[in-house]
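Notes for the one structure printed next.
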Amino acid sequence: MPEGHSVHRLARQFDDVFGGQVLAISSPQGRFSDAAKLIDGQKLLSSHAHGKQLFLGFENDLILRIHLGLYGAWSFGGDEHFSGASSIGAPRRVGEVEQGPDADQGSYDGPPEPVGQVRARLVSAHGWADLRGPSACEVITEEQALIARAKLGPDPLVGAAGEFNLAKGRGTAEDVAADALGAKKEFIARLAKKKTPIGTALMDQSLLAGVGNIYRAETLFRCQIDPFMPCNELSKPRAAALWDDIVSIMNDGVRDGKIITTRIEDRNAAGPLWPENAYYTYQRQHQQCRICDSGIALMEVAARKLYWCPGCQPKARKRATR
DNA sequence: CTAGCATGATCAC
DNA sequence: TGATCCTGCTAGC
């Protein structure tokens with residue numbers, strides 16, 4: 001269930017705690033056993049996120065490709081060296097929601113007995129990572145990884161946390177800026193060619209990689225765009241603003257480890273920030289909009305729940321005649 | 001305790 | 001469009 005921000009945090013986490021180290025890789029559950037043997041005992045050289053997919057590169061040029069799907073999650077544990085290496089707060093678990101570090105600071109005694117269905121387990125000298133419930137977990141060649149990535153649209157988080165390759169090093173600030181600009185242009189160009197509703201398009205990973213149901217709903221609200229508006233009816237400036245907003249809130253997600261899209265002035269100070277005050281429309285159906293008097297609408301579209309505010313995100317025709 | 005649901009994607013028809 | 005896969009949380013009995 002994680003959207004792109006979580007996967008970018010994971011890419012950074014793997015870089016931090018396992019980068020450059022030899023890993024014992026196994027499949028306690030068994031379903032990943034054969035593939036695990038291909039990379040067992042190899043050194044981790046790169047950790048990269050593109051959209052919702054994670055690519056871990058090993059010294060023998062094989063790539064571990066992970067997609068968490070709806071329920072996948074990684075759990076972590078280790079000694080103080082392991083936890084201390086994490087720049088994202090040494091999470092105990094990263095999946096749909098992120099759980100903070102373990103409260104008990106007991107001594108590290110190696111990975112625990114696998115509990116439940118652990119598809120893959122990575123173990124270094126200092127810690128371990130368990131993967132449960134992924135929709136994809138496979139070992140592929142670099143060529144196959146390139147093919148997988150070619151199927152994905154531009155990632156708003158290109159150049160953000162998680163871009164790492166020990167062999168090539170981090171890109172320069174100029175490289176990252178150029179990549180980000182290219183991604184933006186590509187996004188705008190692709191939108192101009194599509195007639196599908198923008199709300200559907202934002203979920204299409206081949207058009208735009210990393211946005212899921214929450215970011216879709218929230219950015220359309222923030223940009224005051226009707227989710228049913230055809231992509232090619234969105235003006236270029238508005239498409240550019242949409243991209244910029246997605247980049248902004250997803251980078252916040254990478255920083256915070258959770259999705260918070262409300263502006264400070266739009267929160268109810270009485271309640272806790274997360275999750276009660278984190279969203280404008282997501283899971284707020286029938287509640288009053290934070291900006292206008294409308295009730296938040298909910299409709300099932302393409303098997304996913306679409307949330308929007310009919311008042312703040314008016315139909316294109318209505319907007320045009322104003 | 002259980003059923004139902006969830007920030008996903010693929011495949012069949 | 002509907003069925004299916006995978007796991008874990010929670011609302012409701």
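Throughout, protein chains are lettered first and strands after them, A, B, ... in sequence-line order, and every chain is numbered starting at 1. What you see below is based on every heavy atom in this structure, not just the backbone, and it leaves out hydrogens, waters and symmetry mates.
- Contact annotation: Lys52(A) does not reach the phosphate of dT7(B) (side-chain N/O to OP1 or OP2, under 4.0 Å).
- Counted by atom type alone, Asp155(A) and His50(A) present zero donor-acceptor pairs between their side chains at under 3.5 Å.
- Of the residues in residues 133-147 of chain A, those with a non-hydrogen atom less than 4.0 angstrom from any atom of DNA chain C are Gly133(A).
- For Tyr282(A), a side-chain nitrogen or oxygen approaches OP1 or OP2 of dT7(B) to under 4.0 Å.
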Let me have the donor-acceptor pairs involving side chains of residues 189-205 of chain A, under 3.5 Å, with sequence neighbours excluded, atom names and distances please.
residue	atom	partner	partner atom	Å
Arg190(A)	NE	Glu186(A)	OE2	3.1
Arg190(A)	NH1	Ser206(A)	O	2.4
Arg190(A)	NH2	Glu186(A)	OE2	2.5
Asp204(A)	OD1	Ser206(A)	N	2.9
Asp204(A)	OD1	Ser206(A)	OG	2.7
Asp204(A)	OD2	Ser206(A)	OG	3.4
Gln205(A)	OE1	Gly210(A)	N	2.9
Gln205(A)	NE2	Met203(A)	O	3.3
Gln205(A)	NE2	Val211(A)	O	3.0

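- Residues that satisfy the side-chain contact (heavy atoms from CB on, under 4.5 Å) test with Ile214(A), not counting sequence neighbours, are Glu3(A), Glu218(A), Ile259(A), Tyr279(A), Tyr282(A).
- For His67(A), no side-chain nitrogen or oxygen approaches OP1 or OP2 of dG8(B) to under 4.0 Å.
- Atom-to-atom, CG of Leu10(A) to P of dT7(B) comes out at 19 Å; the value is rounded to the nearest Å.
- Rounded to a whole Å, the CG atom of Leu68(A) is 17 Å from the C1' atom of dT10(B).
- Spacing between atom CG of Leu70(A) and atom P of dA3(C) amounts to 17 Å, rounded to whole angstrom units.
- Atom P of nucleotide dT7(B) and atom CZ of Arg93(A) are separated by 16 Å, given to the nearest angstrom.
- Considering Phe58(A), Phe76(A), Phe55(A) in turn, Phe76(A) is the only one that fulfils the ring-ring contact (aromatic ring centres under 6.0 Å, His included) rule with Phe14(A).
- The phosphate of dG8(B) has neither OP1 nor OP2 within less than 4.0 Å of any side-chain N or O from Gln205(A).
- As judged by a 4.0 angstrom heavy-atom cut-off over every strand, Arg304(A) is placed among the base-contacting residues.
- Here dT7(B) presents its C1' atom at 11 Å from CD of Glu218(A), a figure rounded to the nearest Å.
- Using a 4.0 Å heavy-atom criterion, one finds that Glu300(A) contacts no nucleic acid atom at all.
- Atom-to-atom, OH of Tyr279(A) to P of dT7(B) comes out at 10 Å; the value is rounded to the nearest Å.
- For dG8(C), the OP1/OP2 oxygens have no side-chain nitrogen or oxygen of Gln99(A) closer than 4.0 Å.
- dA11(C) and dT7(B): their P atoms are spaced 15 Å apart (whole Å).
- Using modelled atom types, one finds no donor on one side chain facing an acceptor on the other under 3.5 Å when comparing Arg132(A) with Gln117(A).
- On the P atoms, dC13(C) is 14 Å away from dC5(B), given to the nearest whole Å.
- The distance from atom CG of Asp130(A) to atom C1' of dT7(C) is 14 Å, rounded to the nearest whole Å.
- For the 3.5 Å distance criterion, the side chains of Thr219(A) and Asp245(A) qualify, holding a donor opposite an acceptor.
- Checking Arg93(A) against Ser75(A) by side-chain atom types alone, no donor-acceptor pair falls below 3.5 Å.
- Rounded to whole angstrom, the span from the CG atom of Asp204(A) across to the P atom of dT7(B) amounts to 17 Å.
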